[in-house]
Structure formats: structure tokens, C-alpha cells
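Please read the structure below before turning to the comments.
Because the structure is a prediction, the values reported are computed rather than measured.
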Number of protein chains: 2
Amino acid sequence: MEGAEQKRIKQSDINRITVKDIAIEAGVSVSTVSRALANDPVIAKETRERITMKAKEMGYRPNFFARGLIRQRSGVVALFVNNITNPFYPEVLVKLSRRLQKMKLHTMIFTSDDGVEDSVPALQEINPDVAILLAATMKADYLQEFNDSNTPIILFNRYVAGARASAICCDNIGGGQLVAERLAESGRRHLAFIEGLATASTNADRLTGYLEGIDASGLPDPVIHSGGDFSYETGYDGMQALFARDQRIDAVFCANDIIAVGASDCIRRELGLRIPEDIAIVGFDDIALASWPSHDLTTVRQPMDDMIECVITEILRFQQNRSAVPKQYFMPGELIIRGSAKLASGRVNE
Amino acid sequence: MEGAEQKRIKQSDINRITVKDIAIEAGVSVSTVSRALANDPVIAKETRERITMKAKEMGYRPNFFARGLIRQRSGVVALFVNNITNPFYPEVLVKLSRRLQKMKLHTMIFTSDDGVEDSVPALQEINPDVAILLAATMKADYLQEFNDSNTPIILFNRYVAGARASAICCDNIGGGQLVAERLAESGRRHLAFIEGLATASTNADRLTGYLEGIDASGLPDPVIHSGGDFSYETGYDGMQALFARDQRIDAVFCANDIIAVGASDCIRRELGLRIPEDIAIVGFDDIALASWPSHDLTTVRQPMDDMIECVITEILRFQQNRSAVPKQYFMPGELIIRGSAKLASGRVNE
DNA sequence: CTGAAAGCGCTTACAG
DNA sequence: CTGAAAGCGCTTACAG
């Protein structure tokens, strides 16, 4: 066997470098190594630098488990996800975990269909710095179980009244209002709404804002298709049901973009009508496909990056004080006008 | 303050239950508690049951960090993700992490734009049981760095020749062949291909199979649009470029579904042509939107569930033996025929 | 400025 | 069948 080959084999089988190895190598105690690597100014600058160099040379990496055991902070963020059919969530997930990675935090994913019962034990085992619920459809009841685990909670894109949890949301009420105003201004008269999951705060707030905006504009009450979920099928079937109830409908606001795409497809394929000439369609989220020519969907863009920064702020707050008082944030969305809701009756838009 | 309120406050401030607490409560040593909870048959059945009950009563949860420190296995799976614009990946991510959760494994997410340099240190800190690369676009060079960290690697939907890593892929070559055969059978004569990322094995293999199938069918060589990525824009622009080069093209196979949707939109909006009457379109993946009426996309469905099970098999293998020899799996995809590639020239399909 | 010692919460030889 | 002891790799009072 050749030298190089042998060396490589050895390297990968060798045990990880520990503070002890560095201590021996640098001729100091492990305490000094630990302090030097933490950049503790109590250690002589010269010693600190020498140890830091050595550690780097030797390829030292602190052991995650030893560190987690001794420190109070685990350095873990638990991210709960259940509904990932809406592409909005994967995007948040990736951006958020990238951001956390930069802060030297580790992201652990937990999923659950029916609830989070099996996840709460995991929380207790790991004791994360904070748990983030990235799942609009999660039942509120489980929040209590989370609270029992004594982990700070951040709800993303969801708000639960009275819960001991921070919440970071788009201003869904404001967004619904923007949509109503826009539709009223552009000459639509017979508005409708297709619900997603009725129990989700996003759904309820978007509808609330929409109703307020409609009311303020002096338009008649909208026709509401209720009792769905945030799916393409809800949009498709909901649109069909709405049209059967009232053929005068000339604008439909959908609880999110996926629903809006379903409704659009129904309008074109099933009802044989045109968008926006016959019916205007508006969604919510501004996911990637909303801007594709085949959908060209008017929608309310969620301020995703701001929302993520806000999550970071909350995490820092909870790291400083585990039982900091939870806060709620409602960040304004932006109406993005595309072809699906241009002005009615041939008038020029903008 | 009322009793109930006070109790709750106490509960959440109380320190976690440890083996020591159980030992005291049960009147045995911590060793016995540890063994009993591990269901070690050396402990008397009666003792074991009593301790297990007590632990349950007291709401004991083993400390993840203490356990990780003492055991050889971390119980962590590191999941690397970088490109999540293709909805195929989020779906895999959620299904996979759900599956891992059932196996009492924890999923940690790592992301990286430019590569994985910053992630390798994390691997060394955490020492996961296995690292899964769920990112078709990751550069091959980084695999070496991964290997240096001595963590077993599983490539999902990607294959790197000669790498010390298991790979679990759809049989992309076979899939490409299926597409070519189908298009030939249905009377298409002037085939084309739109590439995704040229360096991705998925892209290369799908093209290879396509070329083989075309060759076997005796059709002329296809026109290839090369040098893109797996994006909607690549499809849209690629289609435009293809049509400019050769107006006789009557079928386009795209490296994935997202590209296919981009190409479709270009055909309808930009070129003013019909699908499938003028041009047939075929994608790859069978993501959710492929079945939506507005796309109605013929595609090759990846055997996602089988692929995930295969990942589990590999994990178990690596858990038993960290340096088990890596294996490659190529699992057959299924051609899903939808409206975008029905028979040409008005002939009835099937 | 540095070191010896204790301890985080587990598991596992080693005795008995 | 059970317990005392050592140790995983760190951090951090407490001495000096």
C-alpha cells in the first residue's frame, strides 16, 4: 500500500479532534483551550491566538452533543411543517433555514398529519431554543401541548387569539381590503370569495378584510363559497358551485393562489368564460407560478423576507429570555396587479 | 393567586425529569433505570415494568444531547437542500422527514447556494448517521469534502460516477426511452429536447434515453436546446429558440415538468400554436400541477414512494455498518399520458 | 492569567 | 439481577 493511500484511510478512521487533543498539543489545560476558543479575553492574547491556530490546523470542531448538554441553549430551532402543497411554505422553509444556518443555529424538521402529539415528546428531548410552526392548518388545541413543553413558540403566517405564542403574519385583513378596493375601482359589481380552510386565521382574516373593503365601497355583499381547503380542487369545484348559484359574478377573490389557479381553470375549461373579461380572479401569496403567462394572476404578495427577518428578531429575543412575552406582528402585503384582474369592460388599466 | 394557576407556573419552570429522578422515585440505581428503559432483559421483568410505569407517570424524556454524546449513533439525518423551486423536492422532503420521524430519527436541514463548504463543518460537529443530498444541482466536487467528514452519503435523484456515495434515482434513461417511443408511436416526426442543468445526471440521463429511443424508432435526430437550468424561463425561452431554428418541430420533451410548463406557455402565448395538435409536450416528474387541466401534461412519474423506501433501506444499512459499501439504485418511472401528448393528426388515442 | 475539579444526563463495562 | 464507577466532550465556578 502506498503512503498517500494509507494516510487517507487513517484520516477517516481517526477519532474526532477534541479539546483534550488541542490541550496536549498546545501544552495547556482543557479549560484554557475552551476559554481561548470562546475568545474569552481573560486568556492572554498570545495564548489565545496560539490555541486558535492549533485548533484550526488540527481541524477541530466542537462536539454538538457535548456542547448542547453543558449549555442551556441547544442551538436548535424546531420547524414544524405539515402542509407543503402550497409552494409558499417550501420557499419559506429554505430561506429560513438558510438564514438560521448563518446564525449558527440548526434547523430540525418535524412533520405531522393529524396533529403534533408525537412531536411534543421530541421537543422535550431536544429542548430547542424555539419552535416555529410553519403550517397554517395546524389545530389550535395543540398549542397548549407545546406550551407545556416550555418552548417559546413562533407561529408563522398564523395567529391564534389568546395563545402564549408569538405570531408573524401578513396583514391579511389589510390585504383583503386592498383586493376589494381594487375590484370595486375597476368596475366589478358582483364579487365572490372562495374559502380555504375555514379555521385558518389566514382564511378568516382575508375574508374579513374583503368584506370590510366591499362594505366601504358600497358594493353588495359577496357570494361566499365556504368549507374548503387550500387546494386546487377547492378552487375548481368552488368556482363551479359559485357560478351555479349566481351567474352575475364578475370577480372572485380566492383565499390563496393555488385556489385561484383552480378557479381560473374552471372558468376557462368548465364554464367557457374569459379572464378577466368575464370574471376577474385574485389570489393571495404571490407564489412563483402566479407570474407565469398561463396564470398571470393578480394577487397579494406576502412580505416573505420581512416576515423571515421578523422571525429572526423573535428568536433573538427568546434566546435572551426564554420566557419573554410573545408578540404579534402583522406586516403589510402588496397588491400585485396582473392580467387576471385588469379593468373590466375594455377600459385601459393604469 | 389561585392554586391551579400557581401549579401551572411551577410545572413549566420545573427542571426536566432525568434518570436520576426516576431512580430516586423507584428506589433503584440510575444504571437499573437506564437498563429498564432500554428494555434490557437482564433486569427482572417486575422491576422493568415498575420503572417503565414510573417513567411514563413522571413524563420522562431522554435527553437528546446526553444520549448523543454517549452513544456512537447521533440519531440525526442531515438533509441537504439547495434548489427547492421544483415542487418535487419539497414533497420528497416532507414525506422523507415524516418517515424518518417514525423511525425515531431527527432530520436536520442544511441549505447552501454556492456549495456546501459551510455545511461540512456542521457535519463534523453533529456526526449524523447519514447525509442525504436532495439537490440535483449540487456540484460533484463537494462530494469529496463530504467523504472527508466520514459520513455515509445518499444522493437522491442524482448519480455521480465513481463517488463514494449511494445513489437513488429514477431510471432516467428508461424514462427518456419511454417518451421517445410514445412520441414515435403517436406519429410525431420532428422531435426536440429542452435541457435543464447540463451537468445534472437527471438531465443527461433523460436525454441519453431519449436519444436511444429515437434512434431505435428510426426517427431523425432531435433538435436540442442546451445550456439551461430547471426553470420555467428555460422552458419558455428554450421553446422560442427551438422554433426559430426549426419550425417543423412537432414534439418537445423537456428535462422536467417545470420546463415543460414554460415551453407550453410559450407555444400557446408566444407562438400561437396548439398543444397537442401542433406540438406535443412531455415533461418529467409528475408534480401536482402536471395534472391540472390548464397544463394537462404528459410526463414520466418518478416512483417517489419507492425511492423514499429505498433511502430508508440504505439508512438502515449504514446504521448497521457506517462504512458499508455504497449502492446505486435506478427505479423505473411510469409514463403518464395526458392531453399534452395525445396522438397527432386527430387520431384517437388509446 | 491558567489549571484542577465538578458536572451536564446518559450508557456500559465491571463487580458483586 | 442490581449497583458503583467511569466516561462521552464540553463549560464554568473556584482556586491559585
Over how many whole Å does the gap from Asp21(A) atom CG to dC10(D) atom P extend?
-> 9 Å

OP1 or OP2 of dG3(D) sitting under 4.0 Å from any side-chain N/O of Ser31(B)?
-> no

Out of dT2(C), dT11(D), dT2(D), whichever nucleotide has its closest atom nearest the side chain of Ile70(A) = dT11(D)

Quick one: look up who dT2(D) pairs with, Watson-Crick or G-U, both distances under 3.5 Å, and put none if it's unpaired.
-> dA15(C)

Which residue lies toward the 5' end of DNA chain D, Arg50(B) or Leu69(B), if each is placed at its nearest nucleotide?
-> Arg50(B)

Select base, sugar-phosphate, or nothing to describe what Arg61(B) touches, counting heavy atoms under 4.0 Å on all strands.
-> sugar-phosphate

OP1 or OP2 of dA4(C) under 4.0 Å from side-chain N/O of Ser29(A) = no

Distance in angstrom units between Ile51(B) CD1 and dT11(C) P, rounded = 13 Å

Report yes or no: does Asp129(B) contribute a side-chain atom to a donor-acceptor pair with the main-chain N or O of Val77(B) at less than 3.5 Å?
-> no

From CD1 of Ile17(B) across to P of dC10(C) the rounded distance in Å is 10 Å

Mind calculating the distance between OH (Tyr60(B)) and C1' (dC10(C)) to the nearest angstrom?
-> 7 Å

Ignoring hydrogens and geometry, is there a side-chain-to-backbone donor-acceptor pair from Thr107(A) to Ile109(B) under 3.5 Å?
-> no

Base, sugar-phosphate, or nothing for Phe64(B), non-hydrogen atoms under 4.0 angstrom?
-> nothing

Protein-nucleotide distance (Lys45(B), atom NZ; dT2(D), atom P), rounded to Å | 14 Å

Selected nucleotide, minimal atom distance to Thr47(B) side chain, candidates dC1(D), dT11(C), dT11(D) | dC1(D)

Within the distance-only criterion (no hydrogens, no angle test), does the side chain of Arg50(A) pair as donor or acceptor with the backbone N or O of Ala26(A) below 3.5 angstrom?
-> yes

Any donor-acceptor N or O pair under 3.5 Å, side chains Asp21(A), Tyr60(A) = no

Shortest side-chain distance from Ser34(A), nucleotide among dG3(D), dT11(D), dC10(D) | dT11(D)

Answer with yes or no whether Arg35(B) presents, from its side chain, a donor or acceptor under 3.5 Å of a partner atom in the base of dG3(D).
-> yes

Indicate, with a heavy-atom threshold strictly under 4.0 Å, whether Thr18(A) touches base, sugar-phosphate, or nothing.
-> sugar-phosphate

Interatomic distance where CD1 belongs to Ile22(A) and P belongs to dC10(D) [whole Å] = 8 Å

Using a cut-off of strictly less than 4.0 Å, decide whether Arg67(A) has a side-chain nitrogen or oxygen near OP1 or OP2 of dT11(D).
-> yes

Please give, in whole Å, the distance from dG9(D) C1' to Lys20(A) NZ?
-> 10 Å

Rounded interatomic separation in angstrom, taking CG from Asn63(A) and C1' from dC10(D) | 8 Å

Looking at NZ of Lys327(A) and CZ of Arg317(A), how far apart are the two atoms once the value is rounded to the nearest 0.5 Å?
-> 4.5 Å

